[in-house]
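Down below is the structure, laid out as structure tokens.
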Amino acid sequence: MTKPALTDLLHAAVAAVGGTERSGQVAMAEAVAEAIDSNVHLLVQAGTGTGKSLGYLVPALAHGERTVIATATLALQRQLVERDLPRTVEALHPLLRRRPEYAMLKGRSNYLCLHRLHEGVPQDDEDGLFDPFEAAAPTSRLGKDLLRLRDWADETETGDRDDLTPGVSDRAWSQVSVSSRECLGATRCAYGAECFAEAARERAKLAEVIVTNHALLAIDAIEGAPVLPGHEVLIVDEAHELVSRVTGVATGELTPGGVNRAVRRAAKLVDEKEADRLQTAAEGFERLMELALPGRLEEIPEDLGYALTALRDAARAVITALGSTRDRSVQDEDAVRRQAQASVENVHAVAERIVQGSEYDVVWYERHDRYGASLRVAPLAVSGLLREKLFEDRSVVLASATLKLGGDFDGVGASLGLSAGGRITEAGGAGAVGGDEGNGSDAAEAGAGDPQWWGLDVGSPFDYRRQGILYVAQHLSPPGREGSRGDMLDELTELVEAAGGRTLGLFSSMRAAQAAAEEVRGRLDVPVLLQGEETLGELIRRFAADAETCLFGTLSLWQGVDVPGPNCQLVVMDRIPFPRPDDPLMSARQKAVEEAGGNGFMAVAATHAALLMAQGAGRLVRATGDRGVVAVLDSRLARARYGSFLRASMPDFWYTTDRNQVRRSLAAIDAAVRESA
């Protein structure tokens, strides 16, 4: 049977989802197909509006190998499983003569646990929740959530938290879910045959396409116990987020509260001698943490080393005891034991990791106003881990709207474990495909042992230079670390007024966002929504519903807002979002690059800022009819040497430092919108 042409398959899929075929989408699909066929890796930058989901789905389905798709956001996972995959599979069925199965797979704690639901949460003296369904008043928020969860359990087919609408609080969900470490296991659980998490795993084993998240992908790669079915193709969407998600999974933490919780849980199950030893070690650790000052620990202080060694050894003894003792007086003893074991194993693992020490780890104290002090350990870099675990024995496609920083893929590639030595011009090595011609070398010249990869920028269907302006307020004084920026607030207010509201304000800190919201509310008659005053979803809904409304906030808004049309015509960044100078992990990474002879500031701080600014600027133009301004109220973007690198990472808007021109442009856009309304 003749294999259908990729262009025919793509055409059918685009028609099925009601989209428009884009030249960039075609180029992307062809590159993905070539990468899979040649068993090499591809970094593909596909701007907003390209239709990148179909750009990788169609060639993956056409190839017929089992494929895992990992995304960073719930919104994209739902779009793939509920919209793109069903329509694409049906559209391709007549051409492929098969109907590929697909499934969603998440971490175990995302699924309702029937054992927890029916048998209750193992008692924890601190929480005092006994049976949460009896302890929580039906009229309280928690009580209402728990009653809804009990009713929902009889209706749901998936048990997936994200299928529960409206959702419930984290506290309520924690009463009916378990982590993988707390799970009894299907063969030992009375509800194993009905388990939602096990059913999801079984569906994934039978599926040709499995949609998951970055965190589960990281767990699969790092922990050595496979949680994803074997697969030949891996597609990482929203790939700009992967390094931070993997870092999060690979980070360990010890807090006095967590250690004491482990002590309480274990004390019910082990002999008094082991329990007392762990209690004594926990008290020593807690005394030290009361005096801990935030910051990196380049050397482990002697007293902390003693405390962690005592904690590690006591935890090891308890783990051994938990495996050999049984107490029939403890109700639902297996569940209590698994919960205790999970808590103590975490204490042991983190304490041992820090005591052993590694030049590849960063250790630091952190102090939170609400949660107190914590001791944390994270990998200095995850590039080596990803290189070893991610790029072996399968083709990997990494896609995002922002992978080229400063004009090339080298920075992002290096952070993911793809070195310049492995870069080729295209999968076949015959010549460059797309917009990265100047950065490649033939496959024969790639470094020995380096994973082979190439980068492709398929562009965007938007005409950024006609649709948007990048304005840098060059006249403002550079932002300092402390104090109010009165000139910046004046500039912000004047820009919002010229735009008639319609502003998304992206701020480097919550304090800055709050100060800006207070200023604009006091000076202008436009609604200003502030992150933290309502759930993020509700804030974005209200922002999209009212043309004159402004929305101010911090990090999650830089990447999480998709509001096409006239309601978002001004995106403001208060300052270049460099990491804090006292950020232990970022400063350690910067220092490591410098010690290796590189430019630590550009490799770490500037790259971090460039990625966020590219994402933030991408909030402006979300459709072909969008018009507006991205205003950066930080003169360093125009004056500093690194400014050109940061600007090259953003969409190719028309660039100006003329404040009067920008005000006229905003006023004209506002007038045109009001006239057409």
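The shown structure was predicted, so the numbers you read here are calculated from the model rather than taken from an experiment.
The structure places CG of Leu254 at 5.5 Å from CD1 of Ile354, a figure rounded to the nearest 0.5 Å. Here the straight-line distance linking atom CZ of Arg502 with atom OG1 of Thr549 works out to 10.0 Å at 0.5 Å rounding. Taking CG of Leu147 as the reference point, atom CG of Asp145 lies at 9.0 Å (rounded to 0.5 Å).
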Exercise. Any chance you could lay out the side-chain hydrogen bond (donor to acceptor under 3.5 Å, both in side chains) test for Thr402 and Gln615, step after step, and finish with the verdict?
Key: CA-CA 7 Å; Thr402 48; Gln615 285 286 311; 2.5 Å; yes
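Annotation: salt bridge (charged side-chain N to carboxylate O under 4.0 Å, His left out) contacts involving residues 530-541, sequence neighbours excluded, comprise Arg521-Glu533, Glu538-Arg541. Within the structure, the salt bridge (charged side-chain N to carboxylate O under 4.0 Å, His left out) test picks out the following pairs touching residues 604-627 (sequence neighbours left out): Asp562-Arg622. Counting only residues at least two apart or on different chains, the side-chain hydrogen bond (donor to acceptor under 3.5 Å, both in side chains) pairs with a member in residues 635-650 are Asp634-Arg636.
The residues Arg659 and Glu494 are annotated as salt-bridged, a charged nitrogen and a carboxylate oxygen being separated by less than 4.0 angstrom. Taking a cutoff of 4.0 Å between a charged side-chain nitrogen and a carboxylate oxygen, Asp546 and Arg542 do not qualify as a salt bridge. For Asp162 and Arg78, the salt-bridge test fails: no basic side-chain N is under 4.0 Å from an acidic carboxylate O. Using a 4.0 Å cut-off between charged side-chain N and carboxylate O, Arg245 and Glu238 make no salt bridge.
More than 12 heavy atoms of other residues, nucleotides or ligands shown are found within 6.0 angstrom of CG on Asn660.
Shown are Gln79, Gln77, Glu241; of these, the side chain to side chain contact (heavy atoms under 4.5 Å, CB included) with Thr71 is made only by Gln77.
Aromatic ring centres of Tyr655 and Tyr471: separated by at least 6.0 Å.
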